[in-house]
Protein chains: 2
Amino acid sequence: MVHYQARLDATFAALSDVTRRGVLEQLGGSDASITDLAQRFHMTLTGMKKHVSVLEQAGLVITEKVGRVRTCKLGSRRLEEEAAWIEQHRQLWSARFDALDELVEQLKRKEKADAKRKRR
Amino acid sequence: MVHYQARLDATFAALSDVTRRGVLEQLGGSDASITDLAQRFHMTLTGMKKHVSVLEQAGLVITEKVGRVRTCKLGSRRLEEEAAWIEQHRQLWSARFDALDELVEQLKRKEKADAKRKRR
DNA sequence: CATACAGTGAACCATATGGTTCACTATCAG
DNA sequence: CTGATAGTGAACCATATGGTTCACTGTATG
């Protein structure tokens with residue numbers, strides 16, 4: 001569990017930049033090259049390359065270079081640890097303030113509905 | 001929704017430091033003064049004050065100074081947005097992997113069919 | 001009053017971050 | 001072969017971060 005804290009550090013840091021969150025959303029739609037991403041976020045190739053490296057370091061993105069183009073796609077890490085950490089502390093909050101959280105209930109219902117839909 | 005991104009920035013940045021996550025966990029147990037926290041995390045008062053300020057800025061901690069001691073406790077924000085963001089992207093990840101599974105299944109079925117056809 | 005204690009703010013330091021330009025390599029297309 | 005294209009790495013820059021020390025204010029307390 002030595003790496004656990006460092007990993008949380010890296011992931012939360014990766015997520016703390018609006019451009020990088022945008023890249024993740026973009027890659028959620030479809031894979032993209034560095035050039036694609038650089039254009040979409042109005043940035044130099046070099047700048048985007050750095051962001052992608054940060055995301056790759058955090059395990060959130062995988063890249064592969066074939067020919068001269070490097071293709072980026074979502075990584076295999078699924079933010080379970082981060083979700084768990086936040087959930088744990090959301091519960092702490094809730095316990096302390098003893099208030100019910102409508103949004104999460106909505107999310108849960110939505111999840112269930114999604115799951116149901118997927119199952120059919 | 002202009003503030004939305006800035007808030008995510010601030011919160012994820014606040015969570016990206018191991019000391020600050022520690023402080024949140026500590027405050028989950030009980031309220032504490034700056035001195036308490038500084039001692040527990042082997043840091044100067046000034047250093048801890050900065051961390052607390054960052055957490056307060058992100059709305060994760062509330063402080064109140066009475067007499068000469070400033071008491072820190074968990075704030076009213078409960079990480080709903082961050083949980084929602086992560087959950088949303090966990091689902092994206094999942095969706096992509098489901099799609100991949102489906103593709104593999106299709107390939108398998110196709111292979112079987114091909115094999116059958118060849119055998120005849 | 002005198003002294004100790006809790007916190008604060010300014011200044012400083014080293015390192016990290018987010019971005020650029022520029023020079024370069026490697027690959028693709030004609 | 002020639003040019004254009006995609007990416008890379010080094011150097012640079014401004015600002016942010018995580019920490020310190022030091023001087024200071026305000027509050028308790030003997």
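Of the options A:L27, A:T63, A:L60, a side chain to side chain contact (heavy atoms under 4.5 Å, CB included) to A:V52 is made by A:T63 and by none of the others. Here the rule is side chain to side chain contact (heavy atoms under 4.5 Å, CB included) with A:D31, and of A:T71, A:D36, A:I62 only A:T71 fits it.
A:R20 places a side-chain N or O within donor-acceptor distance of the main-chain N or O of A:A13, the cut-off being under 3.5 Å. Side-chain atoms of A:D9 do not come within 3.5 Å of backbone N or O of A:A6 as any donor-acceptor pair.
The outermost nucleotides of DNA chain D lying under 4.0 Å from heavy atoms of chain B, listed 5' to 3', are D:dG18 to D:dA28.
Heavy atoms of A:K50 sit under 4.0 angstrom from at least one base atom. At a threshold of 4.0 angstrom between heavy atoms, the contacts of B:G67 are confined to the sugar-phosphate backbone, with no base atom among them. If you check every strand for non-hydrogen atoms under 4.0 Å, B:T46 touches a base. Residue contacts shown for B:L45 include a base, since a base heavy atom lies under 4.0 Å away.
In this pair, A:F12 and A:W85 present their aromatic rings perpendicular. The plane angle is above 60°, beyond the 30 to 60° band.
One atom, NZ of A:K49, and another, C1' of C:dT25, lie 13 Å apart when rounded to the nearest Å. If you take CD of B:Q39 and P of C:dC5, they are 11 Å apart, rounded to a whole angstrom.
Taking the side chain as every heavy atom from C-beta outward, A:R21 and B:H89 never approach each other to under 4.5 Å.
Between A:R68 and A:G47, the residue whose closest nucleotide on DNA chain C is further toward the 5' end is A:G47.
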